[in-house]
Amino acid sequence: MRQFRSTFCMFLAVLGLPAGGPDDRDIARLLVKKLGDDTPSVRDAAEKELLRLGEPALSAVRDGLRSPDAEIRRRCERLVVQIVKAEWKRKAAAYAADVNGAKRHDLPLLDEYEKLVGKTPSARKLFAACVEPNGAFLQSVAADRELGRTLYRARCAELYVPPKPQVAPPQVSAGDLASLLLASKVLRDDISDWNKPGAVAFLFANPAFRNAVQDRECGEAFRKLLIAWAETATESDPVAQQHFLFLVNAADLKEALPIVRRMMRDKNAPTINIRPTAVAVLAKVGGKQVAAELEKMWNDNSVLVNRMEGGGNMLLGDQALAASIGAAGKKPEDYGIAGSHSLLLKIAGTNGWQISFYWFPSDDARRDGLEKWRKEANKGR
């Protein structure tokens with residue numbers, strides 16, 4: 001410590017600064033002036049010391065952006081970026097390391113995040129991954145909702161890439177995606193518009209989302225945040241609902257099945273894409289664990305579409321029955337189902353998601369097909 005103090009005092013003397021008395025902010029102001037010194041080594045030493053001082057030097061460095069000296073302005077522009085980046089990195093690391101939560105951390109949206117995700121090591125690591133590259137963004141969301149909303153939409157639009165041959169989606173970190181989910185949740189701003197891809201739901205086709213969901217270290221926390229987002233964002237937004245169902249299906253996200261069930265049962269949800277698609281996702285992701293639940297739905301007479309080909313109505317129960325039959329490796333058509341209608345659902349960033357919907361030509365055919373299937377299913381038990 002004595003050697004460091006001696007070296008530091010010698011450094012201040014070289015710069016012509018007092019060795020005692022001034023605090024870091026006073027020293028920073030003098031160091032900024034030295035950024036324009038005639039001697040290159042003095043300029044470099046001053047810049048290095050300002051970077052070491054970190055956050056206490058920021059005010060002086062920002063003042064230097066208005067200096068009439070071009071060299072001072074140039075070095076201050078670089079220093080602002082470096083100091084801010086280093087400061088967020090330091091704060092993120094301190095939060096992740098505080099596994100017992102013994103310290104208070106001044107981080108933007110931390111309270112909101114912990115209420116949604118918790119304080120587990122996985123949760124702390126994910127939030128640290130959010131803060132390190134996105135601390136300034138989260139701070140803007142926390143301080144000014146209108147500015148935060150603008151920044152959020154711009155970031156989502158920037159990361160969205162329409163499907164093009166041989167064009168891979170951008171690589172995005174789990175921390176970046178989590179920061180967008182958190183911002184959307186806090187801002188309550190995910191009203192999707194197909195013509196304006198400025199919402200996080202438009203990024204769900206990016207493989208980075210599936211990687212984040214399945215990540216060994218942060219996956220649990222990421223899934224909690226994603227589901228917390230979906231609980232409100234998908235309530236009355238068919239575009240968000242459609243994209244969320246796609247992600248649940250692609251990522252095999254079993255924790256999301258309660259939300260899938262809500263969509264399936266929501267009589268106000270679109271009947272041609274959301275409700276039957278939710279049944280298909282429930283069956284695929286839930287597997288054997290939802291077999292009994294699907295069976296209870298076979299008699300659900302909720303009409304999805306009137307008078308399909310052949311004259312019959314498409315019912316919600318038809319989708320559940322077809323899912324049960326398909327899960328057993330059988331063909332729904334062998335049980336009187338008139339056929340299937342293949343619908344290509346629009347999913348941003350892809351060429352579409354193909355889903356098949358089923359119906360019977362008449363009530364009599366439905367009754368006969370259901371009776372035939374019940375007998376076969378009971379024999380197999």
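As the structure is a computational prediction, the values presented were derived from the model and not from experiment. The first residue of the sequence shown is numbered 1, and numbering continues consecutively from there.
- Classification of Glu146 and Arg149 as a salt-bridged pair holds, one side-chain N sitting under 4.0 Å from a carboxylate O.
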Side chain to side chain contact (heavy atoms under 4.5 Å, CB included) evaluation trace for Trp353 with Leu344:
CA-CA 5 Å; Trp353 181 27; Leu344 192 66; 5.8 Å; no

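- Between Trp194 and Phe202, the ring planes are perpendicular. Angles over 60° get that label, and only those under 30° would be called parallel.
- Inter-residue side-chain proximity for Leu79 and Val32 is flagged as unmet; no heavy-atom pair is nearer than 4.5 Å.
- Interatomic distance, Arg90 CZ to Tyr95 OH, rounded to the nearest 0.5 Å: 15.5 Å.
- Shown here for Cys130 and Pro133, the closest heavy-atom pair between the two residues is O-CD, 3.4 Å.
- Remark: Arg223 does not engage Glu220 in a salt bridge, criterion side-chain N to carboxylate O under 4.0 Å.
- Under a cut-off of 6.0 angstrom, the local environment of NZ in Lys89 is sparse, with at most 12 non-hydrogen atoms contributed by other residues, nucleotides or ligands.
- Within the 4.5 Å cutoff, side-chain heavy atoms of Asp98 are placed close to those of Arg124.
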Does the salt bridge (Lys or Arg N to Asp or Glu O under 4.0 Å) test come out yes or no for Glu77 and Arg74, once each step is laid out?
CA-CA 5 Å; Glu77 286 174 1; Arg74 183 181 69 81; over 6 Å; no

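- Between the Asn134 side chain and the Phe137 main chain, no donor and acceptor come within less than 3.5 Å of each other.
- Not one N or O on the side chain of Arg275 forms a donor-acceptor pair closer than 3.5 Å with the backbone of Leu316.
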Could you check Ser173 against Asp176 for side chain to side chain donor-acceptor pair (under 3.5 Å), going step by step and ending with a plain yes or no?
CA-CA 5 Å; Ser173 71; Asp176 290 334; 3.1 Å; yes

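- The main-chain N or O of Lys372 is never found under 3.5 Å from a side-chain atom of Glu376 such that the two would form a donor-acceptor pair.
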As a quick check of understanding, evaluate side chain to side chain contact (heavy atoms under 4.5 Å, CB included) for Val305 and Asn313, giving each step before the final call.
CA-CA 6 Å; Val305 182; Asn313 296 330; over 6 Å; no

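- Between Trp359 and Gln319, the closest side-chain pair of non-hydrogen atoms is not below 4.5 Å.
- The shortest side-chain heavy-atom distance between Val285 and Val260 does not fall under the 4.5 Å cut-off.
- Partner of Tyr152 under the side chain to side chain contact (heavy atoms under 4.5 Å, CB included) criterion, chosen from Ser179, Ser184, Ser140: Ser184.
- In Gln354, the CD atom is crowded: over 12 heavy atoms of neighbouring residues, nucleotides or ligands sit closer than 6.0 Å.
- If you check the side chains of Lys185 and Thr232, you find a donor sitting under 3.5 Å from an acceptor.
- Rounded to the nearest 0.5 Å, atoms CG (Leu180) and CG (Leu159) are 6.5 Å apart.
- Leu182 is listed as a side-chain neighbour of Leu116, based on a closest heavy-atom distance under 4.5 Å.
- No side-chain donor-acceptor contact under 3.5 Å links Arg153 to the backbone of Gly198.
- With hydrophobic clusters built from ILVMFWY side chains whose heavy atoms lie under 4.5 angstrom apart, Val303 does not share a cluster with Val279.
- Using a 4.5 Å heavy-atom threshold, the side chains of Leu35 and Cys76 count as touching.
- In terms of heavy-atom proximity, Gly36 sits nearest to Ile72 at N-CG1, 3.4 Å.
- Side-chain atoms of Tyr358 and Glu333 form no donor-acceptor pair, as typed in the model, at a separation below 3.5 Å.
- Counting heavy atoms from C-beta on, the side chains of Thr234 and Arg262 come closer than 4.5 Å.
- For residues 238-254, the set of pairs meeting the side chain to side chain donor-acceptor pair (under 3.5 Å) definition, not counting sequence neighbours, comprises Gln242-Asn273, Asp252-Lys254.
- A side-chain donor-acceptor contact under 3.5 Å links Asp193 to the backbone of Asn195.
- Counting heavy atoms from C-beta outward, Ile325 and Lys331 have side chains that stay 4.5 Å or more apart.
- Scanning for ring-ring contact (aromatic ring centres under 6.0 Å, His included) contacts around Tyr113 gives Phe127, with sequence neighbours left out.
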Does Asp364 form a side chain to side chain donor-acceptor pair (under 3.5 Å) with Ser362? I'd like the steps, not just the answer.
CA-CA 5 Å; Asp364 289 341; Ser362 66; 5.2 Å; no

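- Side chain of Asp69 to backbone of Glu71: a donor-acceptor contact under 3.5 angstrom is found.
- Interatomic distance, Leu257 CG to Glu293 CD, rounded to the nearest 0.5 Å: 8.0 Å.
- Counting non-hydrogen atoms of other residues, nucleotides and ligands closer than 6.0 Å to NZ of Lys125 gives a total of 12 or fewer.
- Residues Leu126 and Cys218 approach most closely at N-SG, 3.9 Å, considering heavy atoms.
- Between the side chain of Arg25 and the backbone N or O of Ala60, no donor-acceptor pair lies under 3.5 Å.
- The CG atom of Leu253 lies 12.5 Å from the CZ atom of Arg210; values are rounded to the nearest 0.5 Å.
- A pairwise comparison of heavy atoms in Leu225 and Ala178 identifies CD2-O, 3.4 Å as the closest pair.
- Across all their heavy atoms, Val290 and Ala283 have their closest contact at CG2-CA, 4.2 Å.
- The cluster map of Ile, Leu, Val, Met, Phe, Trp and Tyr, joined by side-chain heavy atoms under 4.5 Å apart, puts Val186 and Leu226 in the same cluster.
- Test Phe209, Phe222, Phe204 against Trp229 for ring-ring contact (aromatic ring centres under 6.0 Å, His included) and you get one pass: Phe204.
- Sparse packing is recorded around CD of Glu217, with 12 or fewer heavy atoms of other residues, nucleotides or ligands lying under 6.0 Å away.
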Carefully, step by step, assess Lys375 and Glu371 under the rule salt bridge (Lys or Arg N to Asp or Glu O under 4.0 Å).
CA-CA 6 Å; Lys375 289 180 180 179; Glu371 183 178 352; 3.6 Å; yes

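- Distance CD/Glu295 to OG/Ser324: 7.5 Å, rounded to 0.5 Å.
- Of the possible polar contacts, none joining the Asn206 side chain to the Leu203 backbone as a donor-acceptor pair under 3.5 Å is found.
- Leu31 contributes atom CG, which lies 11.5 Å from atom CG of Asp37 (distance to the nearest 0.5 angstrom).
- Here the side chain of Thr120 pairs a donor or acceptor atom with the backbone of Ala123 at under 3.5 angstrom.
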Take Asp63 and Lys33 through the salt bridge (Lys or Arg N to Asp or Glu O under 4.0 Å) test and state the conclusion after the steps.
CA-CA 11 Å; Asp63 287 343; Lys33 293 179 181 179; over 6 Å; no

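- In this structure, the side chain of Arg366 does not engage the main chain of Gly336 through any donor-acceptor pair within 3.5 Å.
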Checking side chain to side chain contact (heavy atoms under 4.5 Å, CB included) for the pair Phe360/Arg367: CA distance, chi angles, key distance, verdict?
CA-CA 9 Å; Phe360 285 90; Arg367 184 173 55 253; over 6 Å; no

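- Between Arg43 and Glu47, none of the side-chain N atoms (NZ, or NE/NH1/NH2) sits under 4.0 Å from a carboxylate O, so this pair counts as no salt bridge.
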